[in-house]
Amino acid sequence: MTEALDALLDLLDLEQIERDYFRGRSRSALVPRVFGGQVAAQALVAAGRTVPGDRAPHSLHAYFLRAGDPGAPIVYMVDRIRDGRSFTTRRVVAVQHGNPIFHLSASFQTYEEGLEHQTDMPPAPDPESLPTAAEMLPRHLPADVAERLIEARAAVDLRYADAPPWASVGTAREPRSQVWFRTNGKLADDPLLHIALATYVSDMTLLDSVLLAHGRGGWAVGDVVGASLDHAMWFHRPFRADEWLLYDQESPSASAGRGLGQARIYTQDGRLAVTVIQEGVVRVPR
């Protein structure tokens with residue numbers, strides 16, 4: 001396990017301060033606010049700590065309300081909405097400086113057999129044939145920006161199947177993007193941990209497809225400003241975040257200073273594991 005992954009796992013290991021109250025810390029990000037994927041993952045962990053171990057998350061729906069302060073702890077307050085025979089529902093509010101910054105609702109389910117079908121996995125290159133972030137980023141970004149981005153993502157091996165927005169500035173193309181990702185090290189056999197780490201990564205690149213449609217480079221080059229507004233995920237089948245996962249992303253719409261991204265996450269052997277939808281603020285600086 002790498003030092004960066006160990007630090008991320010420590011970040012997700014929340015401190016329990018009351019029966020349904022948990023406290024989390026933050027890490028530095030590329031922008032002066034808490035990374036949205038971190039808050040979502042920590043909130044899901046907080047919810048999961050109040051749920052029986054035989055129930056795994058099958059969906060989450062979240063709103064980003066305020067920018068988080070990376071220099072202050074975040075308190076996660078869990079509301080035990082419902083405990084049914086098959087499903088458990090939790091609501092989590094993340095609070096900083098007395099104000100809610102994030103709201104999450106998550107549903108958990110005991111395993112059961114059911115009908116099976118899925119959308120086929122699209123064609124994608126072998127992840128091992130693609131350059132690593134450390135190899136790709138310095139080719140296209142200023143050294144200081146590349147270094148900060150590599151550091152921010154050091155816990156994850158994330159590889160672009162096509163040129164990312166910041167490598168194709170000025171050239172509009174189809175609003176589709178693919179990345180392969182896995183953690184930079186093996187993880188314990190804890191389903192909640194693997195889902196939390198996929199939640200963390202899911203906020204890294206989902207709006208890239210919005211930028212591609214307009215030839216914008218994004219946050220790394222500063223030709224747009226933006227932030228996540230809401231985020232939803234459905235967990236269909238078991239997966240491991242320490243094994244290659246294909247994040248197949250597209251943007252069906254952008255308007256009114258907002259962009260929508262939707263995606264599917266597949267295991268390397270073609271099983272549809274997760275569906276993700278996010279809307280974010282995407283504005284051109286004036």
Side-chain angles (χ1 to χ4, degrees), residues 1 5 8-9 12 37 40-41 44-45 47-48 51-62 86-88 106-130 132-133 153 155-162 174-209 231-252 260-278:
M1 183 182 299
L5 179 57
L8 177 55
L9 295 179
L12 297 179
L44 185 61
V45 169
V51 174
D54 65 342
R55 301 191 177 201
H58 73 85
S59 69
L60 66 82
H61 302 261
S86 299
F87 292 89
T88 293
S107 184
F108 300 73
Q109 182 190 15
T110 56
Y111 175 78
E112 62 181 82
E113 297 287 344
L115 302 175
E116 279 277 342
H117 78 273
Q118 69 162 69
T119 300
D120 290 340
M121 178 176 165
D126 184 335
E128 300 288 354
S129 71
L130 301 173
T132 65
R153 297 180 175 179
V156 179
D157 187 350
L158 191 150
R159 306 190 186 193
Y160 288 86
D162 302 295
E174 184 183 7
R176 295 187 62 89
S177 175
Q178 287 183 331
V179 298
W180 286 97
F181 72 88
R182 64 181 177 185
T183 57
N184 265 321
K186 299 299 290 183
L187 300 173
D189 296 331
D190 177 358
L192 179 62
L193 179 62
H194 290 262
I195 289 173
L197 282 161
T199 301
Y200 177 86
V201 177
S202 70
D203 191 39
M204 286 183 175
T205 62
L206 186 50
L207 297 182
D208 280 3
S209 51
H231 197 84
M233 302 180 74
W234 292 265
F235 306 102
H236 309 300
R237 293 170 181 83
F239 62 89
R240 294 189 63 92
D242 55 5
E243 297 177 353
W244 285 118
L245 297 168
L246 176 67
Y247 200 10
D248 185 63
Q249 305 153 94
E250 63 177 341
S251 175
L260 185 70
Q262 59 187 26
R264 296 184 177 98
I265 298 176
Y266 294 86
T267 61
Q268 195 170 11
D269 61 1
R271 290 178 297 113
L272 176 59
V274 189
T275 297
V276 192
I277 298 180
Q278 181 184 93

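Source: prediction; values computed, not measured.
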Shortest non-hydrogen contact between Ser86 and Arg55, atoms and distance: C-NH1, 3.6 Å
Heavy atoms of Val45 and Leu12 approach each other most closely as CG1-O, 3.4 Å
Do the non-hydrogen side-chain atoms of Tyr266 and Asp120 ever get within less than 4.5 Å of each other? no
Main-chain N/O of Met233 paired with Ser59 side-chain donor or acceptor, under 3.5 Å: no
Minimum heavy-atom separation for Pro238 to Thr267, with atom names? O-CG2, 4.5 Å
For the residue pair Trp244 and Glu128, confirm or rule out a side-chain donor-acceptor distance under 3.5 Å. yes
Quick one: CZ on Arg240 to CD1 on Ile195, what's the gap to the nearest 0.5 Å? 12.5 Å
Would you say the side-chain atoms of His231 pair up with the backbone N or O of Gln278, donor to acceptor, closer than 3.5 Å? no
Side-chain (His194) to main-chain (Ala188) donor-acceptor, under 3.5 angstrom: yes
Would you name the heavy atoms of Gln178 and Pro122 that are closest together and state the gap between them? NE2-CG, 3.7 Å
Which value, rounded to the nearest 0.5 Å, describes the distance between Ser209 atom OG and Leu260 atom CG? 8.5 Å
Distance in Å, Arg159 CZ paired with Leu246 CG, rounded so as to fall on 0.5 Å steps: 13.5 Å
Could you give the distance from CZ (Phe108) to CG (Leu60), rounded to the nearest 0.5 Å? 8.5 Å
Any Tyr247 side-chain heavy atom under 4.5 Å of Val276 side chain: yes
Looking at every heavy atom in both Phe235 and Thr199, which two are closest together, and how far apart are they? CZ-OG1, 3.8 Å
How about Leu5 and Leu187: do any of their side-chain heavy atoms sit closer than 4.5 Å? yes
Intermediate values then yes/no, side chain to side chain contact (heavy atoms under 4.5 Å, CB included), Arg153 and Thr205: CA-CA 11 Å; Arg153 297 180 175 179; Thr205 62; 4.2 Å; yes
CA sep, side-chain torsions, deciding dist, call: His236, Trp234, side chain to side chain contact (heavy atoms under 4.5 Å, CB included): CA-CA 6 Å; His236 309 300; Trp234 292 265; 3.7 Å; yes
Counting distance only, does the side-chain N/O of Gln118 pair as donor-acceptor with the main-chain N or O of Leu272 below 3.5 Å? yes
Ion pair check, Glu243 and Arg182, cut-off under 4.0 Å: no
Mark yes or no for whether Gln249, through its side chain, and Leu206, through its backbone, hold a donor-acceptor pair below 3.5 Å. yes
Residues Thr183, Asp157; criterion side chain to side chain contact (heavy atoms under 4.5 Å, CB included); working and verdict: CA-CA 6 Å; Thr183 57; Asp157 187 350; over 6 Å; no
Evaluate the criterion side chain to side chain contact (heavy atoms under 4.5 Å, CB included) for residue pair Val179 and Leu130; output intermediate values, then yes/no. CA-CA 10 Å; Val179 298; Leu130 301 173; over 6 Å; no
Smallest separation among heavy atoms of Asp242 and Gly185, with atom names: CB-O, 3.4 Å
Trace of the salt bridge (Lys or Arg N to Asp or Glu O under 4.0 Å) decision for Asp248 with Arg264: CA-CA 5 Å; Asp248 185 63; Arg264 296 184 177 98; 5.6 Å; no
Pair Arg271, Glu116 - check salt bridge (Lys or Arg N to Asp or Glu O under 4.0 Å), show working. CA-CA 11 Å; Arg271 290 178 297 113; Glu116 279 277 342; over 6 Å; no
Do Gln262 side-chain atoms and Thr275 backbone N/O form a donor-acceptor pair below 3.5 Å? no
Derivation of the side chain to side chain donor-acceptor pair (under 3.5 Å) call for Glu113 and Tyr111: CA-CA 7 Å; Glu113 297 287 344; Tyr111 175 78; 3.0 Å; yes
